[in-house]
A.B. asks: 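The structure's right below; bear with me while I get my questions together.
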2 protein chains.
Amino acid sequence: MAKTILVVDDETRLVSVVEAYLEQEGYKVVKASNGREALFAARQEKPDLIILDIMMPEMDGYEFMRLHRKERETPIILLTAKVEDDDKVIGLELGADDYLTKPFRPRELIARVRAVLRRTGIAEPRAQVLREGNITLDRESHFVKVGEDFVDLTPSEFDLLAALLSSPGRAFSRLDLLDRLQGTAFEGYERTIDVHVKNLRAKIEQDPRNPHYIETVYGVGYRFRRE
Amino acid sequence: MAKTILVVDDETRLVSVVEAYLEQEGYKVVKASNGREALFAARQEKPDLIILDIMMPEMDGYEFMRLHRKERETPIILLTAKVEDDDKVIGLELGADDYLTKPFRPRELIARVRAVLRRTGIAEPRAQVLREGNITLDRESHFVKVGEDFVDLTPSEFDLLAALLSSPGRAFSRLDLLDRLQGTAFEGYERTIDVHVKNLRAKIEQDPRNPHYIETVYGVGYRFRRE
DNA sequence: AGGAAATATGAATAAATTATGAAGATTATG
DNA sequence: CATAATCTTCATAATTTATTCATATTTCCT
């Protein structure tokens, strides 16, 4: 059964990005934009993990934690605007399992989610291997194979390939892809994706000038060729 | 056959963590959150070892021990909140085989479990020798060989190498590795791992500046090179 | 075919990550 | 209790990656 994660933050954009990424990883996501909603959602959905912003209107993260802890022991990852020792201390006292400083990258979040779930003995949600054509990507072990050859990719290249490979045949816009790479960080320049694609092609394509796997969708973005 | 360990503690979180570590070591784990449940579970499962918290609601650890001892002689490791001589004395009088003070590190727990099982003549659950390339690591005898040469490692270095060696080719995040070393990565500083890696490389690599065995996976962590 | 728009590419620069040496803190040991 | 060993933290050097930018190439449309 897919693990459920409750994401609580008043920034809807951030929540959306986080949601997309967690869902891609195979988690079920429930959202709330303040402590009150979160309490309600926590009771309804009984999530396996809560990702919680501290600064929120109405009822802040600490208040939520205090109330929630009376009912359940769900592991919690705190989101903090910046590292303040106070926050760390208070969060720790209240029983947070980890914390993350905004802005953060999706990969960083995923790593922490995994770590916390493992630490608290909750199993992985699903196989972490993506395969299409001759390409294998293993998120768990973090390797990419072209045929039988292992290929070293940079983090951006790896995430980019993972995104494309998650839905072969689907065209992703540069904005989509940029979100996967940068998460909640401030907006970048879409063309950055082009460069990553170029570098990625150089590593996995037999003839980078005539790409077989990563196709350009003129006016839209890129897609991974479906067999 | 895998050895069964009964873990008894009212802190479900702690039980989950302990469960995760024991299972990773190849033990089968049964859980209970108070003395009553524990008695029931002990009768049902006939565990090879019991890890028992003293402070629990309903029926505390001492009471459980008294009752359980009438039925079986299962070795018991006690968990105590902090070292109180009284606890130690009472526990050992009642026949506990060892005790552990919270908070404790996974390696500490595992070490004591092994020791108690060995002392009471119960076999180890799985092979304790990891080998890859030119490196041999024996968890049982606690030695490391590079080729034919024995190498002295510190406890952290040993655990780090054991973790990496458990899945050659798999990239481990610093968070993962910190977990293995400290039990809870929340409080630690990830970069500590870098230093252990440096020191470990200095001991097992021919040319530490150009590591052969322990590879850096930029943006992710480290991995042991798969042959 | 011609031109506008989009993409590809190489190279320079900026940013992020890792490696390292050494100091300070902690833990084990006699 | 003192000493040694180990672990952690910190500052900074070295390395790798990400981003930007200028320009070449390709695609699309009429």
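The chains referred to below are lettered A, B, ... by the order of the sequence lines, with proteins before strands, and numbering in each begins at 1. Fair warning: this is a prediction, and the values are worked out from it, not measured in the lab. These numbers come from the heavy atoms of this one structure, side chains and all, not from hydrogens, waters or symmetry mates.
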A.B. asks: Looking at D:dA18, I'd like to know if its phosphate oxygens (OP1 or OP2) sit under 4.0 Å from a side-chain N or O belonging to A:Thr154.
C.D. replies: yes
A.B. asks: Could you tell me the separation between the CZ atom of A:Arg201 and the C1' atom of C:dG10, rounded to a whole number of Å?
C.D. replies: 16 Å
A.B. asks: Round to a whole Å and report the spacing from CG of B:Asp194 to P of D:dA13.
C.D. replies: 18 Å
A.B. asks: On the ring face of A:Phe172, is A:Arg174 found with NZ or CZ under 6.0 Å from the centre and within 45° of the axis?
C.D. replies: no
A.B. asks: For A:Tyr27 versus A:Arg114, what's the shortest heavy-atom pair and its separation?
C.D. replies: OH-CG, 4.1 Å
A.B. asks: What does B:Val197 touch in the nucleic acid at a heavy-atom separation under 4.0 angstrom: a base, only the sugar-phosphate, or nothing?
C.D. replies: nothing
A.B. asks: For C:dA8, take OP1 and OP2 only and decide whether either is under 4.0 Å from a side-chain N or O of A:Tyr222.
C.D. replies: yes
A.B. asks: Ring-plane angle category for A:His142 and A:Phe158, please: parallel below 30°, perpendicular beyond 60°, tilted otherwise.
C.D. replies: parallel
A.B. asks: Less than 4.5 Å apart, side chain to side chain, heavy atoms only: is that true for B:Thr74 and B:Met65?
C.D. replies: no
A.B. asks: Between atom CG in A:Leu200 and atom P in D:dT17, what is the gap in whole Å?
C.D. replies: 13 Å
A.B. asks: Does D:dA18 have its OP1 or OP2 closer than 4.0 Å to a side-chain nitrogen or oxygen of A:Ser156?
C.D. replies: yes
A.B. asks: Of A:Lys203 and A:Tyr189, whose closest DNA chain D nucleotide lies nearer the 5' terminus?
C.D. replies: A:Lys203
A.B. asks: Between the base of C:dT18 and the side chain of B:Tyr218, is there any donor-acceptor pair under 3.5 Å?
C.D. replies: no
A.B. asks: Would you tell me if any nitrogen or oxygen in the side chain of A:Thr216 comes within less than 4.0 Å of OP1 or OP2 on D:dT26?
C.D. replies: no
A.B. asks: Report the distance from atom CG of B:Leu160 to atom P of D:dC7, rounded to the nearest whole Å.
C.D. replies: 10 Å
A.B. asks: For B:Ile193 and C:dT18, what is the distance between atoms CD1 and P respectively, to the nearest whole Å?
C.D. replies: 12 Å
A.B. asks: Taking CD from A:Glu215 and C1' from C:dT7, how many angstroms apart are they, rounded to a whole number?
C.D. replies: 15 Å
A.B. asks: Looking at D:dT17, D:dT6, C:dT18, which one has an atom nearest to any side-chain atom of B:Arg174?
C.D. replies: C:dT18
A.B. asks: Nearest whole Å is fine: how far is D:dT25 P from A:Asn210 CG?
C.D. replies: 16 Å
A.B. asks: Hey, is the main chain of B:Pro168 close enough, under 3.5 Å, to the side chain of B:Arg223 for a donor-acceptor pair?
C.D. replies: no
A.B. asks: Using the closest heavy atom to pick a nucleotide of DNA chain C for each, name whichever of A:Val217 or B:Gly219 lands nearer the 5' end.
C.D. replies: A:Val217
A.B. asks: Nearest to the side chain of B:Lys198 - C:dG10, C:dA19, C:dT20?
C.D. replies: C:dT20
A.B. asks: When the nearest nucleotide of DNA chain D is assigned to A:Arg209 and to B:His196 on a heavy-atom basis, which residue is associated with the more 5' position?
C.D. replies: B:His196
A.B. asks: Check whether any side-chain N or O of A:Gln182 sits under 4.0 Å from OP1 or OP2 of D:dA18, and answer yes or no.
C.D. replies: no
A.B. asks: Which of these, B:Ile135, B:Asn134, B:Asp149, sits in a side chain to side chain contact (heavy atoms under 4.5 Å, CB included) with B:Ile204?
C.D. replies: B:Ile135
A.B. asks: Find the distance B:Glu190:CD to D:dC7:C1' and express it as a whole number of Å.
C.D. replies: 17 Å
A.B. asks: Ignoring backbone atoms, establish whether B:Arg191 has a side-chain N or O less than 4.0 Å from OP1 or OP2 of C:dT17.
C.D. replies: no
